[in-house]
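Bear in mind the structure is a predicted one, so any value in this text is a computation, not a measurement.
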Amino acid sequence: MRPEARLGIRPIRPQESDSMNQPTFVLVHGALTDASVWRRVSVRLQDAGHPVIAPSLPMRDFDDDVAYLKQFLGTLDGPLVVAAHSYAGSVISAPDALTAAVRSLVFVTAFQQDAGETAGALNGKFPGSLLVPDNLVVREYPGGAEIYLRPDKFGEVYAGDASARDQKILAAAQKPFNPVTLEGSFREKASWHTFPSWAVVSTRDSSIPTEAQRWMAERAGSTVVEVDSSHAVPLVRPDVVAEVILSAAE
């Protein structure tokens with residue numbers, strides 16, 4: 001018997017939006033922060049009258065994350081606007097991660113990966129990333145290892161323009177990732193070749209170098225909005241991120 005059956009839980013079926021023209025915003029977090037990184041963006045989108053949902057990626061294996069997101073999206077009826085932060089940009093770049101209900105993509109200081117590429121290689125394409133061994137902590141878990149940022153380096157590397165309180169909260173509640181996720185790739189051309197896309201580029205990003213973000217966004221033909229911010233732009237500039245996501249819904 002399936003666990004959910006023992007608990008009396010029925011599988012979620014695709015949910016219809018209130019209107020065929022009312023998109024649902026799906027906000028996908030990246031490495032080192034969980035879905036709460038979107039909380040200030042979510043409030044703005046909800047206040048604008050839109051349904052919002054923010055799934056939690058396992059971040060144990062790239063292919064598993066791709067499969068997880070597709071199955072999650074399959075529980076939602078369209079239209080869908082999918083926004084991704086950081087590593088999640090690689091996941092939504094994989095065509096197998098999306099469903100027919102998706103209408104547009106938003107990459108928020110995120111990887112825009114193409115066939116045959118990896119997030120790790122893209123992050124090293126230009127200098128400037130502080131995601132280096134001296135700033136990281138590796139912890140073992142059953143079956144693998146996971147990466148954290150050193151708490152005393154979290155602000156410098158990830159959220160330099162966040163308040164000291166937010167930096168401490170983020171550092172304490174990190175969502176670690178297995179380093180093999182950054183080696184994941186796919187064979188078919190990326191989703192952004194097919195879907196209209198937007199890109200929020202942070203000009204003070206010490207995780208994914210700004211020049212890498214610009215290069216990926218230009219290559220993808222994305223509509224680009226640059227913001228003077230750290231990598232934690234959904235948290236520190238939610239107004240800008242929400243406006244870009246609303247634009248993608250139009």
Side-chain angles (χ1 to χ4, degrees), residues 25-43 52-73 82-94 97 106-111 113 118-120 122-123 129-133 135-184 200 202 205-208 213 229-238 241:
F25 295 120
V26 183
L27 311 180
V28 191
H29 69 85
L32 300 173
T33 51
D34 61 16
S36 66
V37 75
W38 291 107
R39 61 188 183 274
R40 293 170 184 165
V41 175
S42 295
V43 167
V52 177
I53 190 163
S56 180
L57 292 180
M59 294 196 298
R60 293 292 188 243
D61 177 81
F62 179 76
D63 290 340
D64 288 349
D65 286 339
V66 169
Y68 177 92
L69 183 60
K70 182 164 189 174
Q71 189 159 349
F72 183 89
L73 295 177
V82 182
H85 180 230
S86 190
Y87 158 74
S90 288
V91 178
I92 73 167
S93 291
V106 183
F107 295 86
V108 181
T109 58
F111 293 112
Q113 190 168 321
T118 67
L122 287 170
N123 208 44
S129 177
L130 295 180
L131 289 171
V132 295
N135 293 333
L136 304 176
V137 175
V138 180
R139 293 189 170 97
E140 301 294 324
Y141 68 86
E146 55 190 15
I147 301 293
Y148 295 78
L149 269 174
R150 283 174 45 187
D152 61 313
K153 292 292 185 178
F154 198 96
E156 179 184 1
V157 178
Y158 196 99
D161 50 350
S163 68
R165 181 181 180 86
D166 279 340
Q167 289 180 12
K168 290 181 179 179
I169 292 170
L170 291 170
Q174 294 183 52
K175 172 82 173 183
F177 65 97
N178 189 315
V180 301
T181 58
L182 302 185
E183 301 170 7
V200 178
S202 290
D205 198 321
S206 296
S207 294
I208 302 177
Q213 295 177 45
S229 176
S230 68
H231 192 62
V233 65
L235 185 72
V236 296
R237 294 300 306 272
V241 175

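In this structure, the separation between OH on Tyr141 and CG on Asn178 is 4.0 Å, given to the nearest 0.5 Å. In this structure, Lys153 NZ and Leu131 CG are separated by 12.5 Å, a value rounded to the nearest 0.5 Å. For the atom pair Glu183 CD and Asp61 CG, the distance stands at 10.0 Å (nearest 0.5 Å). The CG atom of Leu235 sits 5.0 Å away from the CZ atom of Arg39 when rounded to the nearest 0.5 Å. Atom CG of Leu136 is separated from atom OH of Tyr148 by 12.5 Å, given to the nearest 0.5 angstrom. Note that OG1 of Thr33 is 10.0 Å distant from CG of Leu149, once rounded to the nearest 0.5 Å.
Counting heavy atoms from C-beta outward, Ser202 and Val233 have side chains that approach closer than 4.5 Å. Within the 4.5 Å cutoff, side-chain heavy atoms of Ile147 are placed close to those of Val138. Using a 4.5 Å heavy-atom cutoff, the side chains of Asp65 and Thr181 are in contact.
Using a distance-only test at 3.5 Å, with no hydrogens or angles considered, no donor-acceptor pair links the side chain of Asp161 to the main chain of Ser229. Distance alone, capped at 3.5 Å, is enough to place a donor-acceptor pair between the Gln167 side chain and the Ala162 backbone. One N or O on the side chain of His29 and one on the backbone of Leu57 form a donor-acceptor pair closer than 3.5 Å. Side chain of Ser129 to backbone of Ser207: a donor-acceptor contact under 3.5 angstrom is found. His85 contributes a side-chain N or O that, together with a main-chain N or O of His231, makes up a donor-acceptor pair within less than 3.5 Å. The backbone N or O of Ser86 sits nowhere less than 3.5 Å from a side-chain atom of Thr109 that would complete a donor-acceptor pair.
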Next item on the list: Dump the intermediate steps for side-chain contact (heavy atoms from CB on, under 4.5 Å) on Phe62 and Val180, then the final yes or no.
Entry: CA-CA 7 Å; Phe62 179 76; Val180 301; over 6 Å; no
Next item on the list: Give the intermediate values and the outcome of side-chain contact (heavy atoms from CB on, under 4.5 Å) for residues Asn123 and Phe111.
Entry: CA-CA 8 Å; Asn123 208 44; Phe111 293 112; 3.7 Å; yes
Check: After noting the C-alpha distance and the side-chain angles of Trp38 and Val108, does the key distance pass the side-chain contact (heavy atoms from CB on, under 4.5 Å) rule?
Finding: CA-CA 11 Å; Trp38 291 107; Val108 181; 3.9 Å; yes
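Ala159 approaches Ala232 most closely through the heavy-atom pair CB-CB, 3.7 Å. Contact detail for Ala35 and Ala54: the closest heavy-atom pair is CB-O, 3.7 Å. Minimum interatomic distance between Ala97 and Leu73 (heavy atoms only, all atoms of both residues): O-CD1, 3.5 Å. Contact record, Gly89 with Ala110: CA-CB, 3.9 Å, taken as the closest heavy-atom pair. Across every non-hydrogen atom of Val106 and Ile92, the tightest pair is O-CD1, 4.2 Å. Contact between Pro55 and Tyr68 at its shortest, heavy atoms only, is CB-CE2, 4.5 Å.
A donor-acceptor contact closer than 3.5 angstrom is absent between the side chains of Gln113 and Ser93.
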